[in-house]
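Read the structure below first, then the notes.
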Amino acid sequence: MFSSPPSEPVSNSSLLHNLNPEQLAAVTLPAEHALILAGAGSGKTRVLTTRIAWLLQTGEVSPGGILAVTFTNKAAKEMMTRLGAMLPVNVRGMWIGTFHGLCNRFLRAHYKLANLPQAFQILDTQDQLSSIKRLYKQFNIDDERFPAKQMQWFIGGCKEDGLRPNAVVARDDETRKKIEIYQLYEDQCQREGVVDFGELMLRSYELLRDNDPIREHYQRRFRHILIDEFQDTNKLQYAWVKMLAGTGAHSSVDGAFQPTGCVLAVGDDDQSIYAFRGARVGNMADFVREFGVRHQIKLEENYRSGSNILDSANALISHNSKRLGKNLRTSQGPGEPVRVFEATSDFAEAQWMVDEMKQLVREGHERKEIAVLYRSNAQSRVIETALFNASMPYKVYGGLRFFERAEIKNALAYLRLLENPRDDTSFMRAVNFPPRGIGARSLEQLQDLARASGCALSDAVSGLSGKAGTNIGAFLAGIDVLREQTQGMSLRDTIVATLEHSNLLTHYKADREGADRLENLAELVNAAESFVSIEGFGRDAVALPVDELGQALTQSPASQGLDLNQPVLDIPAPDAETGETLSPLAAFLTHAALEAGDNQAQAGQDAIQLMTVHASKGLEFDAVFITGMEEGLFPHENSMNDRDGLEEERRLMYVAITRARKRLYLSHSQTRMLHGQTRYNLKSRFFEELPEEALKWITPKQSGFGGGSGFGGGASYSGAGGPYSERARGQFGTDYTKYNTAATAAPVPAQKETPGGLKVKQKVFHPKFGEGTVTALEGTGEDARAQINFPRHGVKWLALSVAKLTPVP
DNA sequence: CCGGTGACAATTTTT
DNA sequence: TTGTCACCGG
């Protein structure tokens, strides 16, 4: 898949053709640290890959001297594919991959120094949580006081900050206890021979930091370090990059070694939307300062959208204060206006969208070129229902990925036990699934025993007596037999044998809802086969054989980057002493953990694309609907409290807007079903931050709640985009008034009445709830009620005859 | 060991 | 409203 086409090396000029001046400058930068500020749709990936190709082409560096890091497997693959198409290099042999993938490769190569078993396995997020829960049982830790989820977050956070338990400051008793649990967790993982995602990063970092020869080897080796999506890096990843680049602060004892790695960081601070998981946009500024960056290039030419869309994006993001500063521009014309729609209910919003989509499809747009973006997953439901009822094919992104499915995890648990009987997480998962009469009490006994002797569950079984001992003993003996039997088998046969032995197949066959699961298990066998044949055994997991890198090097136009005579520390595929190599199975299991698989099931099918705004980053579509543009939803209420939160929401909106090539729709609804309750939301403040001249209101703009008319006649068809004209109506061929039927039990709107002298959208003050905004009015006289949205207390209905409300000017 | 029950919470996500 | 999870009874 990633092998190089048998083409001649392309010439320099063809490599660089069609680059704009900024892109060209970025590609041909001198060998120094540099920061590329790459706006949305500015050809960032192209610049990155062309830069690598150019470095190789000009002999500046050999393939072995390049380190290119991304966040997702998808991005890494794309980089390799594109590079492979540009130059006849063996991209698989190069250090191009995700942070975690590369750390894995590094740790496999130096597993002894890293104090890990060669076949260490990787805990995914689920595994990590169950590992912590198991710990809680063993040590009687109160899940009420220290929720396992929260503990998981704490541990992950510490690792991201590069902190081991002994380095975390115990500022209070609670933290002290957490640190204690963190330590217990660490011990448990170490004993079991497993690492979590954070550990992959942290242990790699520590090994580089503490081992001078290793660090200097890699510093010498990686002449060019390229990092994608730099704004998403966390503290540890930044430190890792810094360590590999060797900024001079860490020269060896004799001081003779001068590190030379050049870092090319590519990112966009305006698209930083992952602060919640530890990303630090500040790394960009830190990078410039700490690395003494002299070259900064802005890629501002956008090749994706017309200026109405880009002006909207630019105007919106200009409301953020913390920016490095960048403006997207295009040589395309204005393109279509940004269409804005106001619905009476989430249901009506979905209906409208479906009709609009039908129209788009009629006009010849492919369904997969139409995307619906929303802030939170819960919003997809109504839309799905509407699409389903309209028989419109759609695809929801997100949700469980292939290797995260229960049946797959169950099968993997058996496979992991074959590889490593000490893996207690897998033991617990497999021991009584499918059910084989091993109850909770037996397992508790076993766990007590294991803890007392500090050994693995599987080692403690021999100490069990009675029925418990017999049952669990039989399970374990079965695993041992299976391990024997599968010796020398192909990966495929090993998995088939395991599925048989475990009774998973029988179990799911008996389950009348197990058909899908059986299908997935069959798919697991396929995945294993393609892992061996197409991907090539273990290349994700194992350091490459020497000859392969050698081949990559000799194919390079120049090989001055890496001295072939120096010891190649990262390629000890077989263990130096025992000659042991990673089994295909261990490699496959690693692959499963590091690449959880697509979650886009029927990819390739022409279906409407539904996803969160986060998931849409990096993608583009002809037509984009951004839905639920309401206060509390987008910007989300949990983010509105602090300035940073709001700015991140705005960046999120920026990302959403810039996904659209041709047509962009923004919609909001007056009412929305959320958590089983109807909420009344104001339209998003982001509307106020968009340039009116780029927008076109295609709704009869409502005057106050419910548009009066109720839902019928009398609405005033005016809006920022001017009167709702017949022309517009004809153009879209849709009568929008039909959506103004609230499907949910919306309160009957006051018609022209303003009870108590209040108006919708007016700000009022309540002695208890503070300041709020009137969102609806209802009834007259004594019965007059107002619905008010209080930022701190939520939406409330207040009887005007009782509530002491003061209008706020 | 299953299946029912009630409590509870419910942005965003990759590895 | 929906999904998850701990707990309990058959």
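Order of the sequence lines sets the chain letters (A, B, ...), proteins ahead of strands, with each chain counted from 1. Please read all numbers here as calculations on a predicted model, not as lab measurements.
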In whole Å, measure the gap between the C1' atoms of C/dC5 and B/dT12 for me.
23 Å

Check the orientation of A/Phe686 and A/Phe634. Use parallel for under 30°, tilted for 30 to 60°, and perpendicular for over 60°.
perpendicular

Evaluate the side-chain proximity of A/Arg108 to A/Phe120: yes if any heavy-atom separation is below 4.5 Å, no if none is.
yes

Rounded to whole angstroms, how far apart are CD on A/Gln126 and C1' on C/dT4?
13 Å

Mutual orientation of the aromatic rings belonging to A/Tyr508 and A/Phe433 [parallel < 30°, tilted 30-60°, perpendicular > 60°]
tilted

Is a side-chain N or O of A/Gln128 found less than 3.5 angstrom from the main chain of A/Leu123, in a donor-acceptor match?
no

Spacing of A/Lys77 atom NZ relative to B/dT14 atom P, expressed in whole Å
14 Å

Nearest-angstrom distance from the residue atom CG of A/Leu200 to P of B/dT14:
17 Å

State whether the side chain of A/Asn320 and the backbone N or O of A/Lys322 hold a donor-acceptor pair below 3.5 Å, judged by distance alone.
no

Which part of the nucleic acid, if any, lies within reach of A/Gly198 when heavy atoms closer than 4.0 Å are counted: base, sugar-phosphate only, or nothing?
nothing

Hey, are the side chains of A/Phe99 and A/Val241 touching, using non-hydrogen atoms and a 4.5 Å cut-off?
yes

Over how many whole Å does the gap from A/Glu144 atom CD to C/dC5 atom C1' extend?
12 Å

Atom pairs, N/O to N/O, protein against nucleotides 7-10 of chain C, distance under 3.5 Å?
none

For A/Asn432, report the nucleic acid contact type (base, sugar-phosphate, nothing); a contact means any heavy atom under 4.0 Å.
sugar-phosphate

Would you check if there is a donor-acceptor pair between the side chains of A/Tyr185 and A/Asp196 at a distance under 3.5 Å?
yes

Any idea if B/dT11 is syn or anti, going by the 90°-from-0 cut?
syn

Could you state the atom-to-atom distance from CZ of A/Arg280 to P of B/dT14 in whole Å?
22 Å

A/Gln188 and A/Ser131 side chains, donor-acceptor separation under 3.5 Å
yes

In whole Å, what is the span from the OH atom of A/Tyr397 to the P atom of B/dT14?
12 Å

Between protein and nucleotides 7-13 of chain B, map the contacts as a letter string: B base, S sugar-phosphate only, - none, heavy atoms under 4.0 Å, written 5' to 3'.
---BBBB

Have a look at A/Asp124 and say if it touches a base, only the backbone sugar-phosphate, or nothing, with a 4.0 Å heavy-atom cut-off.
nothing

How many Å lie between NZ on A/Lys159 and C1' on B/dT15, as a whole number?
13 Å

Can you tell me if A/Ser616 uses its side chain to pair, donor with acceptor, with the backbone of A/Leu619 under 3.5 Å?
no

Got a second to check how far A/Ser669's OG is from A/Asp346's CG, nearest 0.5 Å?
5.5 Å

I want to check something: taking the side chain as every heavy atom from C-beta on, are A/His614 and A/Arg375 in contact at a cut-off of under 4.5 Å?
yes

Is the distance between the ring centroids of A/Phe146 and A/Phe154 under 6.0 Å?
no

Measure from CD on A/Gln379 to C1' on C/dT1 and round the result to the nearest Å.
15 Å

Within the structure shown, what part of the strands sits under 4.0 Å from A/Ile438 by heavy-atom distance: base, sugar-phosphate, or nothing?
sugar-phosphate

What are the residues of residues 380-389 of chain A, sorted by number, that bring a heavy atom to within less than 4.0 Å of DNA chain B?
none

